Number of protein chains: 2
Amino acid sequence: MLKNMNFIEKLRETGLRPTKQRVKICEILFNRDKTFHFTINDLAKKISEELNEKISLATIYNTVHALKNKGYLKEISINSDKSYFDTNTSVHHHFYDEDTQQLIDCDENEIETVNVKKNITGKKINSVEVLVRVASNNHNQN
Amino acid sequence: MLKNMNFIEKLRETGLRPTKQRVKICEILFNRDKTFHFTINDLAKKISEELNEKISLATIYNTVHALKNKGYLKEISINSDKSYFDTNTSVHHHFYDEDTQQLIDCDENEIETVNVKKNITGKKINSVEVLVRVASNNHNQN
DNA sequence: TCAACAGTTTAGAATAATTATAATATATAA
DNA sequence: TTATATATTATAATTATTCTAAACTGTTGA
């Protein structure tokens, strides 16, 4: 998925026009070794730091949503006040460090398969994900 | 926890002044058999339906947060765009129906104990919760 | 190559959810 | 019952996100 390279082709393949802005954003998001967890705000900051030119906030929102809709990004809700995106789009689990408010990916094999016994009639399960909240001291654990 | 009754005493016990508004809100939230999942908006609507007098939105926010801080409510993040509260404050799991956007509680025994193998050094685990997303058809499963 | 069109970007306005403010009101302790 | 601390309220402010409409750009095909 969009790793290391030629984002122009990658974007085109999925029907997203490879505009200058989209390509730049892809470079920032996907030209890295490990998963990147970010908020729109983080991303906007990174863009203005690493790039010379500015990209409008509206475009950042649009692009992130376009990438999300094409399956290149995944949205994760932890806090009501922040929306995180994750470049790791597989079904996987997370640790959330309540001290630093950081998200940490958790490999499938680091949490034993979750056995769900309940069934909602007429519905099928789309995903089963675990959130492990950690902190160094006695925090309020909401 | 604040079930069935005398909310005046209950509130006082935890250092929350039992004002008229807080007692009313407690009655709406906790005078019920099953768990109540709601957004601030849901609650505001319910208040204006079931009560004659109005309670200001600011008060509703303040009260919900006060109740949350005292451990009477739990906040749950599913969508970035909605913040749910839950009158069931125990560590427990949820089903989320993506068709209806409804939260459904899941008893501890309906999901087998989750075995977390990973450790974050220097941190202790506060909670381990599972979110099972369900839908009737092939939905986008973000 | 280039014109035409559809899709995209942009600044700024609009909206929605939440929080802050400051005046008024209320609960509680003495 | 009075003084004081705390709560409520309407409204303003703030924040995150989405909308809008004009200007711009990528792509297609003549």
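In this text the structure is predicted, and so the values were computed from the model without any measurement. Every heavy atom of this structure was used, including side-chain atoms; hydrogens, water molecules and symmetry mates were not. Each chain gets a letter, A, B and so on, in the order its sequence line appears, and its residues count up from 1.
- Between Glu110(B) and Lys117(A), none of the side-chain N atoms (NZ, or NE/NH1/NH2) sits under 4.0 Å from a carboxylate O, so this pair counts as no salt bridge.
- One N or O on the side chain of Lys74(A) and one on the backbone of Ser90(A) form a donor-acceptor pair closer than 3.5 Å.
- In terms of phosphate contacts, Gln21(A) brings no side-chain nitrogen or oxygen within less than 4.0 Å of OP1 or OP2 of dT25(D).
- Dashed line: the shortest gap from a side-chain N or O of Tyr61(B) to OP1 or OP2 of dT19(C) is not under 4.0 Å.
- Atom CG of Leu67(A) and atom P of dT8(C) are 12 Å apart (whole Å).
- A distance of 3.0 Å separates NE2 of His92(A) from NE2 of His94(A), quoted to the nearest 0.5 Å.
- Following rounding to the nearest Å, Ile60(B) (CD1) and dA17(C) (P) show an atom-to-atom distance of 14 Å.
- Counting only residues at least two apart or on different chains, no side chain to side chain donor-acceptor pair (under 3.5 Å) pair has a member in residues 11-20 of chain A.
- With rounding to whole Å, Asn41(A) atom CG is found 17 Å from dT14(D) atom P.
- Remark: His65(A) is in phosphate contact with dT18(D), judged by side-chain N or O atoms under 4.0 Å from OP1 or OP2.
- Rounding to the nearest 0.5 Å places CZ of Phe36(A) at 6.5 Å from CG of Leu43(A).
- Taking the six-membered ring where tryptophan is involved, the planes of Phe7(B) and Phe30(B) are tilted, since the angle between them lies from 30° to 60°.
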Quick test: give all pairs of protein nitrogen or oxygen and nucleotides 25-30 of chain C nitrogen or oxygen below 3.5 Å, distance rounded to 0.1 Å.
unit_1  : atom_1 : unit_2   : atom_2 : d
dT28(C) : OP1    : Arg12(B) : NH1    : 2.7

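- When rounded to the nearest whole Å, the span between NZ of Lys70(B) and P of dT6(D) equals 12 Å.
- Considering only side-chain atoms of Leu57(B), the nucleotide from dT18(C), dT8(D), dT17(D) that sits closest is dT18(C).
- Here dA5(D) presents its P atom at 20 Å from CG of Asn62(B), a figure rounded to the nearest Å.
- Atom CD of residue Glu129(B) and atom CD1 of residue Ile76(B) lie 7.0 Å apart, to the nearest 0.5 angstrom.
- Between the P atom of dT17(D) and the NZ atom of Lys68(A) lies a distance of 11 Å, rounded to the nearest Å.
- Here the P atom of nucleotide dT8(D) and the NZ atom of Lys54(B) are 17 Å apart, to the nearest Å.
- Atom pair Ile55(B):CD1 and dA10(D):P shows a separation of 11 Å (rounding to whole Å applied).
- Heavy-atom distances under 4.0 Å link DNA chain C to no residue of residues 42-51 of chain A.
- Side-chain N/O atoms of Thr59(B) include one lying less than 4.0 angstrom from OP1 or OP2 on dT9(D).
- Atom CG of Leu131(B) sits about 6.5 Å away from atom OG of Ser127(A), to the nearest 0.5 Å.
- Taking the six-membered ring where tryptophan is involved, the planes of Tyr84(A) and Tyr96(A) are perpendicular, since the angle between them exceeds 60° and thus also 30°.
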